[in-house]
Amino acid sequence: MKTEEDNFMKAFKYYKMIKQQPSIKNVLYVENNISNQIRELPLPSYEKNDNRHSILGLKPLGKWRTYNFKNHPGLVLIRNPFTNLGQRYWIRKCLEEYPRSPNKKNIDIEMRLDDWWRACHASKEIQSKQMKKLRWTTLGYHHNWDTKLYNDDHRTPFPEDLAELSDVVANYLGFTSFRAEAAIVNYYYMKSTLSAHTDHSEVNLEAPLLSFSFGQSAIFLIGGPTKTTAPSAVLLQSGDVMVMSKEARLCYHAVPKIIPCNNATWNEELSTVTECLPNMKYVCDSQKLQARLNLNIDNKEWSDFNNYIKESRINVNVRQVLNENQTSLSSALIT
Ligand code: OGA
Ligand code: MN
């Protein structure tokens with residue numbers, strides 16, 4: 001009984017090893033699909049007129065490559081649909097803006113830093129103490145790590161740009177009624193891990209969970225509904241979007257290891273986006289968004305963020321909390 005229960009933990013401990021590097025020969029990734037576990041999906045019938053991609057730092061939807069996993073129905077990987085400049089934009093957002101108050105972050109209990117990024121760059125002392133202590137920021141409905149319950153009084157506006165990005169991705173996969181209502185931004189350093197868990201706090205467990213990865217790579221373990229299932233290990237690289245839907249939505253998962261990426265694609269060939277001001281669903285000022293995206297082509301502007309991301313990984317985990325016909329947690333469920 002004990003050994004069966006430990007299948008997930010066994011894999012976690014194996015990949016977590018530091019003294020001796022774990023073998024990555026069984027880690028699944030698109031570029032080296034030796035075991036035929038990963039299958040490319042045909043292009044879905046997305047809305048061809050959705051022209052919001054460029055301004056959100058995404059490649060044209062017709063160029064996205066999407067995969068599923070033989071042993072994990074409901075798990076979908078979109079292999080880096082971001083442009084290089086787009087990766088810079090989102091990395092910067094996660095560092096400079098999302099950790100600002102009133103959003104919540106793990107270091108709030110220790111020190112009041114309303115603007116963590118700015119504080120770290122204004123004082124060497126704060127930087128040395130606080131920079132690598134940031135492990136998470138929450139957006140929208142704030143995840144309560146103790147009770148695991150969301151609360152109407154614990155909600156701040158969800159970032160417009162991230163809502164728009166999530167809408168494009170969800171629509172592309174056919175989840176047309178998805179609404180981004182809560183997100184956890186996870187910050188990982190080279191020795192960070194995330195232990196085995198399921199994400200079950202949301203009222204709506206039918207809606208998919210969208211997980212965006214940026215920066216250094218990660219080994220992601222995904223198992224079954226209990227820890228008895230031995231998990232698969234998948235390599236998540238910068239720009240990758242992992243979608244946990246249907247049967248995969250409530251499966252155990254973890255991040256036992258961060259590994260240096262092969263290429264820092266965010267520093268490769270960059271091009272600005274011009275004359276593209278599409279109709280947006282959530283973003284009010286698309287001109288400003290375009291300017292903010294293009295700003296990052298300047299390596300001087302980018303340099304502080306580059307220093308951070310060269311030894312870190314950022315994961316943005318977006319969820320819908322409410323059912324389609326609900327506007328708040330307290331509003332009666334209409335069935
Ligand atoms: C989470 C999560 C996975 C990752 O935030 O719940 O599972 O890839 N993150 O960092
Ligand atoms: Mn999770």
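Numbering of residues begins at 1 and proceeds along the displayed sequence. Whatever order the structure lists ligands and atoms in, that order sets their numbers, starting from 1. Computed over heavy atoms, backbone and side chain alike; hydrogens, waters and symmetry mates excluded. Just so it is clear, the model here is predicted, and its values are computed rather than measured.
Counting protein heavy atoms only, atom 3 (C) of ligand 1 is closest to Asn315 OD1, 3.7 Å. The nearest heavy-atom contact from the protein to atom 5 (O) of ligand 1 is Asn186 ND2, 2.7 Å. The protein heavy-atom contact nearest to atom 10 (O) of ligand 1 is Tyr188 OH, 2.6 Å. Closest protein heavy atom to atom 8 (O) of ligand 1: Arg313 NH2, 2.8 Å. Looking only at protein heavy atoms, the nearest one to atom 1 (C) of ligand 1 is Asn317 ND2, 3.3 Å.
At least one N/O-N/O distance between His253 and ligand 1 falls below 3.5 Å.
The NE2 atom of His253, the Mn ion (ligand 2) and the NE2 atom of His197 define an angle of 90° (nearest 10 degrees).
Trp117 and Phe305 have their aromatic ring centers within a separation under 6.0 angstrom. Taking the six-membered ring where the residue is Trp, the centroids of Tyr172 and Trp64 are separated by under 6.0 Å.
Take the N/O/S atoms of Asp199: the one nearest the Mn ion (ligand 2) is OD2.
Contact annotation: the side chain of Val168 approaches that of Leu56 to within less than 4.5 Å [non-hydrogen atoms, C-beta and beyond]. The side-chain heavy atoms of Tyr15 and Leu221, taken from C-beta on, include a pair separated by under 4.5 Å. A heavy-atom distance below 4.5 Å is found between the side chains of Ile55 and Leu277.
For Arg135 and Tyr187, the positive end is not near the middle of the six-membered ring at less than 6.0 Å and at most 45° from its axis.
Every heavy atom of His143 sits 4.0 Å or more from the atoms of ligand 1. Residue contacts with ligand 1: Met242 is excluded, as none of its non-hydrogen atoms falls under 4.0 Å.
Of the residues Arg319, Arg249, Lys148, the one that meets the salt bridge (Lys or Arg N to Asp or Glu O under 4.0 Å) test with Asp199 is Arg319.
Under the 30°/60° scheme for interplanar angles, the aromatic rings of Phe82 and Trp90 are found to stand perpendicular.
Contact atoms of ligand 1 toward Asp199: 6 (O) (distance under 4.0 Å to a heavy atom of the residue).
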